[in-house]
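A short worksheet on the structure shown next.
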Amino acid sequence: MAGAEPYSSAGGPVGVLLCHGFTGSPGSLRPWAEYLAGHGFSVSLPRLPGHGTTWQDMARTGWQDWLGAVEEAFVSLSAECDQVFVFGLSMGGCLALRLAELHADQVRGLVLVNPSLAMDKKLMLLAPVLKHVVRSVPGIASDIKKPGAVELGYKRVPVAAAASLPGLWRVTVAGLGSVRAPVLVFRSTVDHVVGPASMPLLVNALPSSQLTVVQCADSYHVATMDNDAPAIFEGSVKFLQDHSA
């Protein structure tokens, strides 16, 4: 898909890995990535397997594939930079947290936008069975309040891929206690994709000295393309400056 290409930029010794969301593409985070690159940071924004092509491609992938891709990008960026931060949107936020659990000594900090950590829709309970009957359901992309802004993502959600999500949520939530890095979360007050179940899991697992939550009152789920995007971009650069050595 045009506009779904991965993005990278070689900059200074501080690197940022960005993880896009479920059924989305690097296009959802491309403005953020370019903003960070413009401020001198090294940036890596990979395209997750099965994303940015067709939903039928995605139906043949699962959370282990997506985690494997961001972990490979993390290792590569770590070889080039002295310090690496991980940013993520939605499921990408969950992947970022999982990386911080697996590489607790190497992840310098996390910035998450509307992270997904739990099942909010009852349909997900049926996904393991439904995948044998229905191949796809209507998509979740482009939940944006800003007029004219459109997220590049699938119009259909492959049920087989969705059925793998609870596995990622479970392993990530179980390991939250091992996250050592500071965490900054931007949370939209109105989000039609990620419901209220995710944030309490993060708030209860991390001490207030480690976790900062900023409300985005003028954006929906894809806040990185919405009205609060400038505040998110500026806040993330300040976070990088505050927490990099």
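Keep in mind the model is a prediction, meaning the values are calculated, not measured. Hydrogens, waters and symmetry mates are skipped; everything else that's a heavy atom, side chains included, is used.
- A salt bridge links Asp105 with Arg180: at least one charged nitrogen is closer than 4.0 Å to a carboxylate oxygen.
- The environment of CD in Glu72 is sparse: at most 12 heavy-atom neighbours from other residues, nucleotides or ligands sit within 6.0 Å.
- For the side chain to side chain donor-acceptor pair (under 3.5 Å) criterion with Asn114, the lone passing option out of Ser90, Ser219, Ser188 is Ser188.
- Residues Trp55 and Thr23 bring no donor and acceptor atom of their side chains to less than 3.5 Å of each other.
- Under 4.0 Å is where a charged nitrogen must lie from a carboxylate oxygen, and between Glu234 and Lys238 no such pair does.
- When hydrophobic clusters are built by joining Ile, Leu, Val, Met, Phe, Trp and Tyr residues whose side-chain heavy atoms come closer than 4.5 Å, directly or via intermediates, Val157 is grouped together with Met1.
- A donor-acceptor pair shorter than 3.5 Å cannot be found between the side chains of Gln83 and His243.
- Asp65 contributes no side-chain N or O that, together with a main-chain N or O of Pro49, makes up a donor-acceptor pair within less than 3.5 Å.
- Side-chain contact of Ser28 with Glu151: a donor-acceptor pair under 3.5 Å is present, judged by distance alone.
- Remark: the backbone N or O of Ala118 is paired with a side-chain donor or acceptor of Ser198 at under 3.5 angstrom.
- At least one side-chain heavy atom of Trp66 sits less than 4.5 Å from a side-chain heavy atom of Phe22.
- The closest donor-acceptor contact from the side chain of Asp191 to the backbone of Val193 lies under 3.5 Å.
- Residues Phe186 and Asp228 fail the side-chain proximity criterion, which asks for heavy atoms closer than 4.5 Å.
- Closest approach of Tyr154 and Thr53 over heavy atoms only: OH-N, 2.9 Å.
- Side chains of Tyr220 and Val190 form a contact here, defined as non-hydrogen atoms less than 4.5 Å apart.
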